[in-house]
Asks: 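Attaching a single structure in structure tokens format; questions to follow.
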Amino acid sequence: MTWLATRVIENRHWTNELFSLRVEGASLRFQAGQFVRIALDIDAERVARAFSFVNPPQDPVLEFYGVIVPRGPLSPRLARLAAGDTLYVAPNPAGFLVLSELPQAETLWLLATGTGIAPFLSILRTDEPWRRFRRIVLVHAVRHAAELTYREVVEKTDAKYVTFVSREAHPGSLAGRIPAALRDGRLEAAAGVAVDARSHFMLCGNPEMLRDTTAALAERGLRKHRRRTPGHITVESFW
Ligand SMILES: Cc1cc2nc3c(=O)[nH]c(=O)nc-3n(C[C@H](O)[C@H](O)[C@H](O)COP(=O)(O)OP(=O)(O)OC[C@H]3O[C@@H](n4cnc5c(N)ncnc54)[C@H](O)[C@@H]3O)c2cc1C
Ligand SMILES: NC(=O)c1ccc[n+]([C@@H]2O[C@H](COP(=O)([O-])OP(=O)(O)OC[C@H]3O[C@@H](n4cnc5c(N)ncnc54)[C@H](OP(=O)(O)O)[C@@H]3O)[C@@H](O)[C@H]2O)c1
């Protein structure tokens, strides 16, 4: 496999932990919602990790949204990149968190924790979801209000935008976690739309959120979507 050497244009720091890298110089074909491996050379070894595209496929500048995992091999180094530095990008995007894998539904729910919002930012900026679904709800759950990044991107779309802030009080955001708010009706009330078999859920981020949310949706009669047995839930775990 031949790695593509891209050049960092910008590394935006939203908080001490959250950063967005914009790079140019690689022309990649991918579907909104997919990821690609990105890499740096560390101690003479190329260290690679999967990152979802934030940019829609038609945008030639690639964008990745990351969090610094303390003591993580790659993410602290990605956060330190500056304009002009080199980032290696693999030539083969992949992943099934894409609209082409989904059955027809009326409402598309996009549920993310933390950096799990990345693939949904790409999907929301393509035409397909707006042609296919009557309503789209984007839910972003974070620990602290400062981590509600990309608000201005979401607000430029017609998505209903619902936020959760779990570790401090934040007016305008729901408190607690997504599965609890599904069970007690707060999520549907905030979104202004019912959860039923005409819904399709895409979940991305923390694997425990994926598991607990899938369980809460199962209580409502919704199940995982598979090619052979169509359902209502599609997931992508970040770890
Ligand atoms: C399909 C896929 C897509 C991904 N897309 C993204 C993305 O768009 N943005 C992104 O930041 N990461 C994404 N990741 C995670 C990413 O690949 C790395 O794991 C992450 O950047 C940390 O790398 P690391 O080498 O520092 O630590 P690692 O050794 O890779 O991870 C150590 C631990 O950090 C935690 N962790 C990893 N990623 C995250 C995260 N995103 N948020 C919170 N905790 C985390 C987990 O507990 C993990 O076990 C994705 C992973 C997969 C499998
Ligand atoms: N942000 C920080 O202050 C901080 C501090 C230390 C380390 N870190 C590093 O940053 C990473 C965490 O990043 P993050 O804050 O983006 O991700 P996160 O831990 O996945 O938290 C994001 C959101 O997901 C929620 N969540 C967690 N488990 C859930 C579940 N089972 N069901 C539903 N929702 C769930 C969290 O709620 P809860 O708040 O209720 O868990 C929070 O609202 C870790 O790798 C860690 O190393 C961050």
Side-chain angles (χ1 to χ4, degrees), residues 3-26 28 30 32-43 45-57 59-90 92-95 97 110-125 138-154 163-167 202-210 235-239:
W3 287 92
L4 307 168
T6 69
R7 200 179 66 88
V8 174
I9 303 172
E10 185 191 7
N11 194 353
R12 173 176 181 174
H13 284 252
W14 306 83
T15 66
N16 286 340
E17 284 105 18
L18 294 171
F19 59 94
S20 291
L21 274 170
R22 282 159 48 80
V23 304
E24 64 181 3
L28 290 177
F30 67 93
Q34 288 192 308
F35 63 86
V36 70
R37 291 194 310 138
I38 64 177
L40 293 174
D41 289 340
I42 302 169
D43 299 334
E45 206 179 305
R46 191 149 293 178
V47 178
R49 292 288 184 272
F51 270 73
S52 303
F53 295 97
V54 170
N55 58 295
D59 189 338
V61 172
L62 305 182
E63 183 165 339
F64 304 107
Y65 177 42
V67 61
I68 298 177
V69 173
R71 292 181 296 282
L74 190 65
S75 57
R77 289 176 169 88
L78 292 174
R80 288 200 293 271
L81 290 177
D85 287 346
T86 297
L87 175 73
Y88 295 101
V89 175
N92 51 345
L97 192 76
L110 306 173
L111 272 47
T113 54
T115 52
I117 194 175
F120 300 146
L121 294 165
S122 183
I123 288 172
L124 285 174
R125 288 180 288 174
L138 185 277
V139 179
H140 194 195
V142 299
R143 296 179 180 187
H144 303 286
E147 295 154 8
L148 290 175
T149 51
Y150 289 104
R151 174 184 283 272
E152 72 284 3
V153 172
V154 179
T163 58
F164 282 78
V165 174
S166 55
R167 301 198 184 185
M202 298 177 95
L203 316 180
C204 187
N206 185 318
E208 290 169 18
M209 182 278 280
L210 307 188
V235 304
E236 181 168 87
S237 178
F238 269 9
W239 66 93

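When a residue number appears, it is its place in the shown sequence, counting from 1.
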Asks: Hey, does the side chain of Gln34 reach the backbone of Gly95 with a donor-acceptor pair shorter than 3.5 angstrom?
Replies: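 Judged by distance alone, yes, a pair lies under 3.5 Å.
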Asks: Val54 vs Val153, test: side-chain contact (heavy atoms from CB on, under 4.5 Å). Steps then yes/no.
Replies: CA-CA 11 Å; Val54 170; Val153 172; over 6 Å; no
Asks: Does Phe64 form a side-chain contact (heavy atoms from CB on, under 4.5 Å) with Val36? I'd like the steps, not just the answer.
Replies: CA-CA 10 Å; Phe64 304 107; Val36 70; 3.7 Å; yes
Asks: Tell me the closest heavy-atom pair linking Arg143 and Val165, and the distance in Å.
Replies: O-CG1, 3.4 Å
Asks: Please name all residues satisfying ring pair (Phe, Tyr, Trp, His ring centres under 6.0 Å) with Tyr150, sequence neighbours left out, ordered by chain then number.
Replies: Trp14, Tyr65
Asks: What's the shortest heavy-atom distance between Ala26 and Leu4, and which atoms?
Replies: CB-CD1, 3.9 Å
Asks: At what distance, to the nearest 0.5 angstrom, does CZ of Arg7 lie from CD of Glu24?
Replies: 4.5 Å
Asks: Which heavy atom of Phe35 sits nearest a heavy atom of Ala50, and at what distance?
Replies: CD1-CB, 3.7 Å
Asks: What's the spacing between Leu87 CG and Ile9 CD1 if we round to 0.5 Å?
Replies: 11.5 Å
Asks: Quick one: are Arg49 and Ser75 in side-chain contact, heavy atoms under 4.5 Å?
Replies: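 Result no, sub-4.5 Å side-chain heavy-atom pair not found.
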Asks: Determine whether a donor-acceptor pair (N or O, by modelled atom type, separation under 3.5 Å) exists between the side chain of His140 and the backbone of Phe164.
Replies: no
Asks: Taking the side chain from Ser122 and the backbone from Asn55, do they hold a donor-acceptor pair closer than 3.5 Å?
Replies: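 Yes, Ser122 side chain to Asn55 backbone: donor-acceptor pair under 3.5 Å.
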Asks: Under 6.0 Å from the CD atom of Glu45, do we count more than 12 heavy atoms belonging to anything else shown?
Replies: no
Asks: What heavy-atom pair brings Ile42 and Pro73 nearest, and what distance separates the two atoms?
Replies: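 What the structure gives for the nearest pair is CD1-O, 3.6 Å.
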Asks: Please assess Leu28 against Phe53 for the test side-chain contact (heavy atoms from CB on, under 4.5 Å), listing each intermediate value before the final yes or no.
Replies: CA-CA 11 Å; Leu28 290 177; Phe53 295 97; 3.9 Å; yes
Asks: Distance check, rounded to the nearest 0.5 Å: Leu210 atom CG versus Glu236 atom CD?
Replies: 9.0 Å
Asks: Can you sort out the partners of Ala48 under side chain to side chain contact (heavy atoms under 4.5 Å, CB included), two or more places apart, ordered by chain and number?
Replies: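 So Ala48 forms a side chain to side chain contact (heavy atoms under 4.5 Å, CB included) with Trp3, Arg37, Ala39.
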Asks: When you measure from the side chain of Thr113 to the backbone N and O of Gly205, does any donor-acceptor pair fall under 3.5 Å?
Replies: no
Asks: For the residue pair Leu40 and Leu81, establish whether any side-chain heavy-atom pair is separated by less than 4.5 Å.
Replies: yes
Asks: Mind listing the closest non-hydrogen atom pair of Pro56 and Arg125 along with its distance?
Replies: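 Reported closest heavy-atom pair: CB-O, 3.7 Å.
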Asks: List the steps and the verdict of side-chain contact (heavy atoms from CB on, under 4.5 Å) for Met202 and Ile123.
Replies: CA-CA 11 Å; Met202 298 177 95; Ile123 288 172; 4.0 Å; yes
Asks: Roughly how far, to the nearest 0.5 Å, is CD1 of Ile38 from CG of Leu21?
Replies: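 Here the rounded value is 6.5 Å.
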Asks: Would you check if the side chain of Asn11 reaches a backbone N or O of Ala83 as a donor-acceptor pair within less than 3.5 Å?
Replies: no
Asks: Work out which heavy atom in Val47 is nearest to a heavy atom in Leu74; give both atom names and the distance.
Replies: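 Smallest interatomic distance, heavy atoms only, reads O-CD1, 3.6 Å.
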Asks: For the atom pair CG (Asp59) and CZ (Arg22), what is the distance rounded to the nearest 0.5 Å?
Replies: 7.0 Å
Asks: Is it the case that the side chain of Ser166 and the backbone of His144 share a donor-acceptor pair, with hydrogens and angles ignored and the cut-off at 3.5 Å?
Replies: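 Flag not set: sc Ser166 to bb His144 has no pair under 3.5 Å.
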Asks: Show every salt bridge (Lys or Arg N to Asp or Glu O under 4.0 Å) that has at least one partner inside residues 64-85, sequence neighbours left out.
Replies: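 For residues 64-85: none.
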Asks: Run through Leu148, Leu138, Val154 and flag the one making a side chain to side chain contact (heavy atoms under 4.5 Å, CB included) with Thr163.
Replies: Leu148
Asks: Mind checking the CE-CZ spacing from Met209 to Phe238? Nearest 0.5 Å is all I need.
Replies: 10.0 Å
